[in-house]
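Working notes, beginning with the structure itself.
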Amino acid sequence: MSRELAKTYDPSGIEDRLYQKWLDKKYFHAEVDESKKPFTIVIPPPNITGQLHMGHALDETLQDILIRFKRMQGYNTLWQPGTDHASIATEVKITEKLREEGIDKESLGREKFLERAWAWKKEYGGRIVNQLKKLGSSCDWDRERFTMDEGCNKAVNEVFVKMYEKGYIYKGARMVNWCPVCNTSISDAEVEYEEQAGHFWHIKYPILNDDDTESGEYLVFATTRPETMLGDTAVAVHPEDERYKHLVGKNLMLPLMNRKIPVVADEYVDREFGTGVVKITPGHDPNDFEVGKRHDLPLINIMNDDATINENGGKFAGMERYAARKAIVAELEQMGLLVKIEDHVHNVGTHDRCGATVEPLVKAQWFVKMDELIKPAQKAVREGEIRLVPESMQKNYFNWTDNIRDWCISRQLWWGHRIPAWYCDDCGEIVVSRTAPEKCPKCGATHLTQDPDTLDTWFSSALWPFSTLGWPEQTKELKYFYPTDVLVTGYDIIFFWVIRMIFSGYEQMGEKPFKTVFFHGLVRDSQGRKMSKSLGNGIDPLEIIAKYGADALRLTLVTGNAPGNDMRFYYEKVESNRNFANKIWNASRFILMNMGDEQPARPAESELAPADRWIISKANRLVKDVTENMEKYELGVAVQKIYDFIWDEFCDWYIEMVKPRLYAKEDAASRNAALYTLKNVLIDALKLLHPYMPFVTEEIFCSLQEDEDSIMVSAWPVYDGAKDYPAEEAAVESIKEAIRGIRNARTGMDVPPSKKAHVYVVSALAEKRASFAENADFIKSLASASELIVQEDRSGIGEDAVSVVIPDVNLYIPLGELVDIEKELERLQKEEQRLEKELARVNGMLSNEKFTSKAPAEKIAEERAKLDKYSRMMEQVKEQIANLRK
RNA sequence: GGGAUCAUAGCUCAGCUGGGAUGAGCGUCCGCUUGACGUGCGGGAGGUCACAGGUUCGAACCCUGUUGGUCCCACCA
């Protein structure tokens with residue numbers, strides 16, 4: 001059985017081999033099985049254009065941890081994978097590529113373009129999936145989906161038609177955010193505001209008399225966008241503004257355009273801001289649009305889709321927007337209408353994809369009416385039907401749902417779900433239908449043209465939790481796996497995606513899409529900056545995996561981080577986690593070496609040494625704690641406990657304690673009990689660790705365990721009250737305490753300290769004997785405190801040696817070295833002070849009526865126990881001090 | 001402008017519903033070629049838990065305010 005194992009753990013090779021094994025054995029695959037409870041996660045589908053980045057790595061790791069945990073707990077787990085067509089992101093990339101080839105998208109034509117897009121999908125769609133596999137993701141790849149596959153298309157059309165029929169989807173001319181570079185409308189969520197230095201141009205318009213002659217008076221106002229004046233159709237003042245009350249109803253002459261526009265009164269104007277006068281451009285400003293509607297003002301669009309001035313801009317037609325701005329300002333100045341220019345910092349809306357300044361334009365677009373749809377989504381979170389982790393995300397969530405506006409879903413793009421609406425060429429009737437209509441239902445004409453627009457990419461993602469399970473078909477999967485259990489995603493797409501899935505779930509399925517949303521933060525670089533291409537500070541997860549292994553990366557991404565918080569990425573952290581993998585590797589190597597060709601037999605209860613019971617008891621409580629933490633999504637806390645247990649308790653203490661028994665071959669039963677405990681405690685710890693570090697745990701598990709195929713389908717350990725050994729725990733803890741004390745006492749001596757606790761001690765050198773004798777009492781008192789036995793050294797190494805034997809544990813502790821009296825005294829006095837303080841505190845609490853009457857019984861018992869413990873410790877310390885002083 | 005969130009060891013962060021700062025990783029210092037592991041072992045230094053008040057028997061944790069950082073939303077022309 002014992003193999004030649006390398007001294008250091010090298011994940012390369014091992015990881016791919018194990019992943020292939022899991023695939024071959026179909027461990028990731030889930031089938032409907034009514035006898036088992038399902039546990040489902042749908043993956044946030046990565047973009048087909050995407051390359052795996054740290055954000056994915058974190059997202060996938062968290063999901064894989066939850067899925068592996070639940071799988072081991074016996075749930076029928078489905079991790080539903082897939083990819084997103086990412087309409088605009090992909091289209092931008094393909095268009096770029098075409099441009100590089102010297103091909104213009106428009107001249108290529110829609111059909112050819114889509115051919116290219118599908119080819120692209122074929123080429124790159126698989127890339128990200130393969131990268132996800134490198135992380136160890138246990139997705140059910142047999143069920144992989146794509147947001148534009150046949151089923152998802154069907155779902156999209158179904159939803160569109162249903163919502164259109166219900167009146168939730170409508171087409172209307174509304175102010176939208178227009179990206180002049182991508183040439184499409186975008187939703188509010190896609191607009192990013194950016195602070196930019198700009199100017200305030202103070203301009204004045206001449207006031208006209210009733211007979212249209214200039215009165216010589218002017219209205220002065222400020223604007224950040226002078227070019228929009230070409231589309232002004234009014235100037236507004238506050239109705240109660242005494243300064244301008246008399247002008248309401250009068251007309252102004254719009255310079256450059258020579259158009260007569262009225263002065264209107266509207267509450268929207270802030271009297272305090274600027275001059276209290278606002279120019280109104282209903283065609284190019286969302287607020288002005290509303291004002292325009294209230295006052296029935298004409299709406300003039302002065303811009304083309306590419307943000308050049310159109311024919312409504314008079315002589316400025318054809319100019320680019322900023323060139324026009326310059327020309328207009330110059331001309332106004334010439335006319336003496338420019339009062340002044342001020343510097344001004346303001347927020348400018350930009351497109352989150354391309355960074356271009358967004359232009360508010362009035363366009364005929366498709367919208368989803370949100371006011372009714374959002375209600376169940378609000379209610380679900382408010383009433384706890386859907387839980388957000390961490391809870392603080394609720395505020396973010398409600399901030400959006402409470403201020404929701406209709407969702408612009410049409411995009412002037414080609415790559416995406418074509419809007420299932422047709423227009424009759426003859427009568428203009430709109431036909432919305434699941435399939436292409438043969439003829440116009442109104443006039444019977446057979447010439448119908450489909451709407452050229454496609455849908456916002458998030459429209460299909462919103463349906464993801466049920467479309468991937470087969471909806472609109474009533475599949476058995478849908479009935480069994482829906483609603484899903486948890487959605488894991490970054491807080492940055494709560495508005496884009498999470499909210500939209502929730503209201504879509506309620507609307508289409510009549511049921512929430514998931515029970516819990518588990519949010520994580522962003523992975524930043526070591527300086528706290530967002531990883532980005534432009535900064536070039538991105539760290540490639542695949543490189544990390546190649547160098548340190550997926551396990552180390554995964555552990556790095558989940559430790560020391562609370563849900564929803566951003567984290568910084570440090571190579572040092574990966575390194576230390578790689579070291580942890582190596583540590584476990586070596587611990588198991590040690591066990592394998594000692595097991596040799598035999599598997600230890602289950603020892604009788606009586607054969608277990610106190611040390612065995614101690615570690616069993618510790619492991620048992622670890623199981624309880626870790627399971628509880630994981631159920632509360634405290635993954636970082638959970639894995640920290642496993643880490644500490646394995647490294648500190650198991651490796652640094654238990655293995656060391658057990659060594660004498662393993663080497664003393666004469667006591668076979670004791671040796672067997674030690675080996676058995678070593679092996680089985682490690683296996684339990686490996687199981688707890690497996691969700692976090694799937695590869696190294698599997699590799700070791702398979703070496704240690706002969707009768708099971710894989711740790712990933714083994715049973716999750718369960719807390720067992722019978723494995724609690726409080727007495728042994730307390731005993732060993734005090735032994736540890738004693739050993740530490742002894743080690744401390746030895747520092748500063750000119751005798752080399754021993755590395756290991758079990759080292760047999762060479763006695764004090766002859767000339768130091770006196771010193772040793774002086775300290776014998778101390779050693780004895782420490783020993784007796786820990787129920788140790790002081791006896792002659794049995795190692796046979798030194799004649800004058802004395803060692804301590806811990807009964808049953810068979811642990812030899814070197815005591816032969818000398819104790820520095822001064823130092824020890826100092827230490828004890830410090831200890832005494834600490835205890836005094838503690839005793840005072842506990843006494844104070846316990847004698848306080850308010851505490852004893854109000855505090856929970858558990859707490860009081862705990863404090864009483866502390867009081868006892870401290871009192872006893874105090875006695876000992878006092879005794880030791882007295883002894884030392886002798 | 002509204003809101004959220006953070007401020008704990010040199011650095012990065014944990015710290016559950018108020019009850020010993022029990023902290024972790026990295027760094028740093030001292031000592032260890034020891035038969036699982038130097039990707040290791042043992043030990044040490046280092047914190048007035050941002051500041052000021054308040055509630056409480058008791059506050060890193062609750063409340064108020066101040067300062068500083070980050071983020072989200074809004075977009076007053």
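Side chains included, hydrogens not; waters and symmetry mates left out as well; all remaining heavy atoms used. Numbers restart at 1 for each chain; the letters A, B, ... are given by sequence-line order, proteins then strands. In this text, all values refer to a predicted model and were calculated from it rather than measured experimentally.
Put simply, OH on A:Tyr643 is 17 Å from P on B:G23, counting in whole angstrom units. Rounded to whole angstrom, the span from the CD1 atom of A:Ile494 across to the C1' atom of B:G3 amounts to 14 Å. Atom CG of A:Asp648 is separated from atom P of B:G40 by 13 Å (rounded to the nearest Å). Per the geometry, CD belonging to A:Glu575 stands 14 Å off C1' belonging to B:G40, to the nearest Å. Counting to the nearest Å, the P atom of B:C71 and the CD1 atom of A:Ile493 are 19 Å from each other. Atom NE2 of A:His284 and atom P of B:A77 are 18 Å apart (whole Å). One can place CZ of A:Phe495 at 12 Å from C1' of B:A74, the figure rounded to the nearest angstrom. Put simply, CZ on A:Phe580 is 12 Å from P on B:C26, counting in whole angstrom units.
A:Ile280 comes within 4.0 angstrom of no nucleic acid atom, judged by non-hydrogen atoms across all strands. Residue contacts shown for A:Asn565 are limited to sugar-phosphate atoms, with no base heavy atom under 4.0 Å away. Note on A:Tyr491: nothing from the nucleic acid sits closer than 4.0 angstrom, heavy atoms only. At the heavy-atom level, A:Tyr9 lies nowhere under 4.0 Å from the strands shown. Across all strands, A:Tyr570 comes closer than 4.0 Å only to sugar-phosphate atoms, never to a base (heavy-atom distances). Within the 4.0 angstrom heavy-atom criterion, only backbone atoms of the sugar-phosphate kind lie near A:Trp647; the bases stay farther away. At a threshold of 4.0 angstrom between heavy atoms, the contacts of A:Asp644 with the nucleic acid are absent. Contacts of A:Thr8 with the nucleic acid, taken as non-hydrogen atoms under 4.0 Å apart, include base atoms. Across all strands shown, A:Arg529 has no heavy atoms under 4.0 Å from either base or sugar-phosphate atoms.
Comparing the same atom, C1', in B:U22 and in B:C49 gives a spacing of 14 Å after rounding to whole Å. Taking the C1' atoms as reference points, B:G53 lies 23 Å from B:G69, given to the whole Å. Here, B:G3 and B:U64 have their P atoms 12 Å apart, quoted to the whole Å. Across B:C37 and B:G46, the matching P atoms stand 34 Å from one another, rounded to whole Å. Distance noted for atom P between B:G25 and B:U66: 39 Å (whole Å). Remark: the separation of the P atoms in B:A21 and B:G40 is 31 Å, to the nearest Å. B:C13 and B:U8 are spaced 9 Å apart, taking the C1' atom of each and rounding to whole Å. Nucleotides B:C32 and B:G38, compared at atom C1', are 10 Å apart to the nearest Å.
If you check residues 226-237 of chain A against RNA chain B, you find no residue with a heavy atom closer than 4.0 Å. Contacts between residues 396-404 of chain A and RNA chain B, counted as heavy-atom distances below 4.0 Å, involve A:Asn396, A:Asn399.
In this structure, of B:U12, B:C37, B:C75, it is B:C37 that holds the atom nearest to the side chain of A:Lys7. Taking the side chain of A:Phe273 as heavy atoms from C-beta on, and the options B:A36, B:C26, B:A77, the nearest nucleotide is B:A77. Of the listed nucleotides (B:G25, B:C41, B:C37), B:C37 has the atom at the smallest distance from the side chain of A:Arg589. Counting only heavy atoms from C-beta on, A:Ser576 has its side chain closest to B:G25 among B:A74, B:G25, B:U12. Checking B:A77, B:A36, B:C41 against the side-chain heavy atoms of A:Ile655 singles out B:A36 as nearest. Side-chain atoms of A:Tyr193 lie closest to B:C75 of the nucleotides B:A4, B:C75, B:A77. The side chain of A:Arg568 lies closest to B:C13, out of B:A4, B:A24, B:C13. Among the nucleotides B:U39, B:C41, B:A4, the one closest to the side chain of A:Asn579 is B:U39. Checking B:A77, B:C37, B:U5 against the side-chain heavy atoms of A:Asn582 singles out B:C37 as nearest.
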Please set out all donor-acceptor pairs under 3.5 angstrom arising from side-chain atoms of residues 548-556 of chain A, sequence neighbours excluded.
| residue | atom | partner | partner atom | Å |
| --- | --- | --- | --- | --- |
| A:Asp551 | OD1 | A:Phe695 | N | 3.1 |
| A:Asp551 | OD2 | A:Phe695 | N | 3.4 |
| A:Asp551 | OD2 | A:Val696 | N | 2.7 |
| A:Arg554 | NE | A:Tyr692 | O | 3.0 |
| A:Arg554 | NH1 | A:Asp64 | OD2 | 2.8 |
| A:Arg554 | NH1 | A:Leu135 | O | 2.9 |
| A:Arg554 | NH2 | A:Asp64 | OD2 | 3.0 |
| A:Arg554 | NH2 | A:Pro691 | O | 2.7 |
| A:Thr556 | OG1 | A:Ala552 | O | 2.7 |
| A:Thr556 | OG1 | A:Asn577 | ND2 | 2.9 |

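For the OP1/OP2 pair of B:C11 and a distance below 4.0 Å, the side-chain nitrogens and oxygens of A:Lys573 include no atom meeting the criterion.
Ring geometry for A:Tyr633 versus A:Phe518: interplanar angle of 30 to 60°, hence tilted. Ring pair A:His346/A:His344 is tilted by interplanar angle, where 30° to 60° counts as tilted. Note on ring orientation: taking the six-membered ring where Trp is involved, the planes of A:Phe580 and A:Trp647 are parallel (angle under 30°, cut-offs 30° and 60°).
Under the rule for a salt bridge (Lys or Arg N to Asp or Glu O under 4.0 Å), A:Arg578 has no partner lying at least two apart in sequence or in another chain. Residues passing the salt bridge (Lys or Arg N to Asp or Glu O under 4.0 Å) test with A:Glu631 are A:Lys70, sequence neighbours excluded.
Partner A:Glu359 forms a side chain to side chain donor-acceptor pair (under 3.5 Å) with one of A:His284, A:His351, A:Arg225 and no other, that one being A:Arg225.
Taking 4.5 Å as the limit, every side-chain heavy atom of A:Lys583 sits out of range of all side-chain heavy atoms of A:Tyr9. Between A:Leu682 and A:Ser588, some side-chain heavy-atom pair lies under the 4.5 Å cut-off. Residues A:His199 and A:Glu342 are not in side-chain contact: their nearest non-hydrogen atoms beyond the backbone lie 4.5 Å or more apart.
With 3.5 Å as the limit, one finds no donor-acceptor pair spanning the side chains of A:Asp266 and A:His238. Using a 3.5 Å distance cut-off with no hydrogens or angles, the side chains of A:Thr281 and A:Asp232 do pair a donor with an acceptor.
Summarising the local packing, NZ of A:Lys547 is surrounded by 12 or fewer heavy atoms from other residues, nucleotides or ligands at distances under 6.0 Å.
Stem analysis of RNA chain B (Watson-Crick or G-U pairs, both distances under 3.5 Å, runs of at least three) returns B:1-7 with B:67-73, B:10-13 with B:23-26, B:28-32 with B:40-44, B:50-54 with B:62-66.
Residue side chain A:Arg578 reaches the base of B:U39 through a donor-acceptor N/O pair under 3.5 Å, judged by distance alone. Scanning atom types as modelled, one donor and one acceptor separated by under 3.5 angstrom connect the side chain of A:Lys583 and the base of B:C37.
Expressed to the nearest 0.5 Å, how far CG of A:Leu592 lies from CD1 of A:Ile700 amounts to 8.5 Å.
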